[in-house]
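Convention: sequence-line order gives letters A, B, ...; per-chain numbering from 1. Just so it is clear, the values below take in all heavy atoms, side chains as well, and ignore hydrogens, waters and symmetry mates. Source: prediction; values computed, not measured.
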Amino acid sequence: MTREDYNPASASELMRGFGSRPEMLVQILHAFMDRFGWISEDAIRQLASELNLSRADVHGVVSYYHDFRTTPSARHIVKICAAEACQSMGSRALVKHAEESLQLKLHESNDNITLEPVYCLGNCACSPAIMANGKTFGRVSATRFDEIVAGLNEASS
Amino acid sequence: MSTRIYVPRETAAISVGADEVAIAIARHAKEKGEKIELVRNGSWGATWLEPLVEVVVGEQRIAYGNVEPGDIPSMFAAGLLSGGEHARRIGPTKEIAYLIKQDRWTFWRCGLINPLSVDDFVAHKGFAGLTKAIGMGQQSVIDAIRKSGLRGRGGAGFPAAIKWQTVADTAAEQKYVACNADEGDSGTFSDRIMMESDPLGLVEGLLIAGFAVGASKGYIYLRSEYPLAHSILTRAIVAAREAGWLGDNIQGTGFSFDIDVHLGAGSYVCGEETAMLESLEGKAGVIRYKPPLPAIAGLFGKPTVVNNVVTLASVPNIINLGGEKYAGYGVNRSTGTLAFQLAGNIKRGGLVEKAFGLSLRELIEDWGGGTASGRPIRAVQVGGPLGAYIPAEHLDTPLDYEAFLGIGAMIGHGGIVVFDDTADMAQQARFTMEFCALESCGKCTPCRIGAVRGVEVIDRMIADENRDANYELLLELCDTMEGASLCAMGGMTPYPVRSVLKYFAEDFASSEGTGK
Ligand SMILES: Cc1cc2nc3c(=O)[nH]c(=O)nc-3n(C[C@H](O)[C@H](O)[C@H](O)COP(=O)(O)O)c2cc1C
Ligand code: SF4
Ligand code: FES
């Protein structure tokens, strides 16, 4: 993922790609997430003014959806599926393992990794499943979890 | 002559190494100077065999299952290109019992074709249903759907023809087809397999629906947790447009229709149709009051057909083969087939498309092979997070919408999640409430506040603070949520909770405490 810091010119360009139409707000926010990694106050102000919405409207949408974060994440995002099929195959223990080995609680970040729950990746025949930087992994044991995390660090070093 | 090798590009297969296997095959073939044509197909749905590699030998496709990159040198040495014997070799794909015993009406092209090739699609009856539909005329198409008895596969099981008729009969300049691809239920992945393995099959379903009701624009609302499906679907749509199967005046028929894909943003409740419409309009996914029905005033206030992926993907063959043929499958008012999904603690997980009427036990035992852990089954959750936990003694219930209602359960989107005897059912009940609290859209109090209270009450039961009094309190809370919630999120959260209270109450005493 190539990220850039939020800047108004780049943000405007993204919005124009969607015709600056207010009904495209959710899609535009995805584009902001992909490019900037999070939705800042400045971004919300600009969205409101260029899409002709109130700031409260934009705030309401940003805060409603789990995907839109209002603080930056770490370089890598690891999501562990915490829904029922994965629970039946030990996702609760996998979360514990991840929390211990990364020294992080769910929803927390260190310099390197943000750890989050996710509720079903559609990989429930290969539970437990995780998603690391947008890629889904199945049949994830504690050992495999550690390997996947090590792989992320290697890829970025 | 080069030998064709299929390696799935499908989320589950890739999640257990299919990309690495494809790379290893390409590299090894190059080193050995062997000419191969590597095709990335979708999945047949036998997920437990993934990565499933197939080699075309003469008229046959020879399958190798659970292939790892490290197997490739020995597979080549064993004569992979001529279907040679190897520990990973299963035999011809069309002899795999798991697959051939199914009734593949909707998913029959999945695994078979290259999902991104319009030519391959057309060579396998692709768009034949659309062409026939246009020849039949709008009302005859709706009549065929009525005769088929097709009911919504997204969860509620509402007859598709009634919705289509309403939209067709409502006069408006603009109408829409909105395909629900939010697939939020845990234990379900049939929408995903369809979109990754036969995306044009879904596109054809939308086209036929659009033609039948007089809509010119379709939306597919896809969950953001499915990035690969997003990429495959959007590429397939571009290819269809370039080949003249989407856009203005499709194939010179005078019928115009186009499709946009919109992403959800991690909200479960956005799978509910009115919340989905709000989200498609760029807003927070808060439930709308009904009426008006979406069929009368839906997206942007216009008449809108809202159907699930599998509902729509079942349509082309209903037109091809006739509504009566489809209605010949299944039992009672559950006609046709459903793509059941075997998930969780199951030995042979995957997609099983079967006519309604077989029992849960047949699916779990004959197809699924029992639990992955080898331990006894304790509970089976059918129909996602709002579906009841069914105890082992009810496994002989036939898969029929009404029979499931009869035991306080639902078939929903056909997800079947198996738990073995180590499951802590008190924790499952707690999670049900916790999930509702997390995902509630907040519009009504019984759901928004009730779910939070539910977690607290369950925690007290687990901690043995007035367990009996709290048991009663939890039942009352379930009554309130069920009776007074605006939508099925709050209204059905009590189902799994009640099922735990009814069948697994002893777990509140033995539970490992609170927490995740
Ligand atoms: C909380 C909730 C979540 C839902 N999630 C989905 C979903 O992810 N996919 C889906 O197709 N239907 C879902 N539904 C059902 C839809 O409201 C609607 O009935 C369906 O999309 C209609 O299409 P169908 O008739 O083809 O099933 C959900 C319903 C509720 C109450
Ligand atoms: S039941 Fe829950 S999700 Fe449904 S409208 Fe009420 S608050 Fe929203
Ligand atoms: S429940 Fe974890 S992938 Fe579906």
inquiry  = Need one label for A:R144: side chain, backbone, both or neither, based on atoms under 4.5 Å from any heavy atom in chain B.
reply    = side chain
key: Donor-acceptor contact present, side-chain A:E23 to main-chain B:L280, <3.5 Å   = no
note = In short, B:A265 meets A:V26 closest at the heavy-atom pair CB-CG1, 4.4 Å
request  = Please state whether the side chain, the backbone, both or neither of B:V380 comes within less than 4.5 Å of a heavy atom of chain A.
outcome  = neither
ask   = Given a strict heavy-atom distance threshold of 4.5 Å, which part of A:A129 is in contact with chain B: side chain, backbone, both, or neither?
value = neither
remark   = When every non-hydrogen atom of A:S88 is compared with those of B:G344, the smallest separation belongs to OG-CA, 3.1 Å
inquiry  = Does any backbone or side-chain atom of B:C441 lie under 4.5 Å from a heavy atom of chain A? Answer side chain, backbone, both or neither.
reply    = both
message = Can you give me the closest heavy-atom contact between B:S186 and A:A85, atom names plus distance?
response = OG-N, 3.0 Å
query = Of the backbone (N, CA, C, O) and the side chain (C-beta and beyond), which part of B:V418 lies under 4.5 Å from a heavy atom of chain A, both, or neither?
reply = backbone
query = Of the backbone (N, CA, C, O) and the side chain (C-beta and beyond), which part of B:A423 lies under 4.5 Å from a heavy atom of chain A, both, or neither?
reply = neither
inquiry  = Can you tell me which portion of B:F300 sits under 4.5 Å from chain A's heavy atoms? Options are side chain, backbone, both or neither.
reply    = side chain
query = For B:T47, is it the side chain, the backbone, both, or neither that has a heavy atom closer than 4.5 Å to a heavy atom of chain A?
reply = both
request  = Name the region of A:Y65, side chain, backbone, both or neither, that has any atom closer than 4.5 Å to a heavy atom of chain B.
outcome  = both
task = Go through the steps to decide whether A:E84 and B:F419 satisfy the test side chain to side chain contact (heavy atoms under 4.5 Å, CB included), and finish with yes or no.
result = CA-CA 9 Å; A:E84 290 89 342; B:F419 290 75; 4.2 Å; yes
request  = Below 4.5 Å from any heavy atom of chain A, which atoms of B:Q381 appear? Answer side chain, backbone, both or neither.
outcome  = side chain
remark   = Turns out that what part of B:Q428 lies under 4.5 Å from chain A's heavy atoms comes down to both
Proximal component of B:L342, with respect to chain A [non-hydrogen, under 4.5 Å] = backbone
task = Heavy-atom distances under 4.5 Å only: say whether A:K79 touches chain B with side chain, backbone, both or neither.
result = neither
query = So, do B:F435 and A:Y119 have ring centers that fall under 6.0 Å from each other?
reply = yes
Smallest separation among heavy atoms of A:H66 and B:G266, with atom names = CD2-O, 2.6 Å
inquiry  = Quick one, B:Q427 and A:R92 - any side-chain contact, counting heavy atoms below 4.5 Å?
reply    = yes
request  = Pick whichever of A:V61, A:V140, A:T136 has the most heavy-atom pairs under 4.5 Å with chain B.
outcome  = A:T136
query = What closest approach, in Å, do B:A284 and A:G60 show between heavy atoms, and which atom pair accounts for it?
reply = CB-O, 4.4 Å
task = Can you tell which part of B:A229 gets under 4.5 Å to a heavy atom of chain A, answering side chain, backbone, both or neither?
result = neither
inquiry  = Rounded at 0.5 Å granularity, tell me how far CE in A:M33 sits from CG in B:L263.
reply    = 12.5 Å
Contacting region of B:D420 [heavy-atom separation from chain A under 4.5 Å] = neither
key: Closest-packed option against chain A by number of heavy-atom pairs under 4.5 Å, given B:D185, B:L228, B:N345   = B:N345
